Amino acid sequence: MTAANILFVVVGAIALLVGLGMVVTGIRAGVDQRPRNNILLIAGMMLLAFGLILGGFAIAYTTAGPLDLNAGTAL
């Protein structure tokens, strides 16, 4: 893994944990009380998905081999 990939995995993990914390906070506070809790749920889910995708793509980029499109074989 290069330094950039490790950085992407770390940023993805941090975003995932912060998003999970926001979702848990929004659920525990109750959705019916204030609109702030709805915003916490939406933002937390978006941040959680961003972190999961960022870290997942960084790991997949590292583990996948190079793709040669000029090989002339069908996929």
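Positions are given from 1 along the sequence. In this text the structure is predicted, and so the values were computed from the model without any measurement.
- Note: the hydrophobic cluster containing Tyr61 does not contain Ile6 (ILVMFWY, side chain heavy atoms under 4.5 Å, direct or indirect links).
- When the side chains of ILVMFWY residues are joined at heavy-atom separations under 4.5 Å, either directly or via intervening members, Val18 and Val10 end up in a single hydrophobic cluster.
- Under the 4.5 Å side-chain heavy-atom criterion for ILVMFWY residues, no single connected hydrophobic cluster contains both Leu41 and Leu17.
- The other residues sharing a hydrophobic cluster with Ile53 are Phe57, where clustering joins ILVMFWY side chains under 4.5 Å apart.
- From Leu16, atom CG reaches atom CG of Leu52 across 6.0 Å, with rounding to the nearest 0.5 Å.
- Separation of atoms CE (Met22) and CD1 (Ile27) is listed at 12.5 Å; rounding is to 0.5 Å.
- Leu40 and Gly26 get closest at one heavy-atom pair: CB-CA, 4.1 Å.
- Put simply, the side chain of Leu7 reaches to within 4.5 Å of the side chain of Val11, judged on heavy atoms.
- Smallest separation of non-hydrogen atoms from Ala15 and Gly51: CB-CA, 3.8 Å.
- For the side-chain hydrogen bond (donor to acceptor under 3.5 Å, both in side chains) test, residues two or more places apart in sequence or in another chain that qualify with Asn5 are Thr62.
- The side-chain hydrogen bond (donor to acceptor under 3.5 Å, both in side chains) pairs that include a residue from residues 36-59 number zero, where partners must be two or more places apart or lie in different chains.
- Considering CG of Leu47 and CG of Leu54, their distance stands at 10.5 Å, rounded to 0.5 Å.
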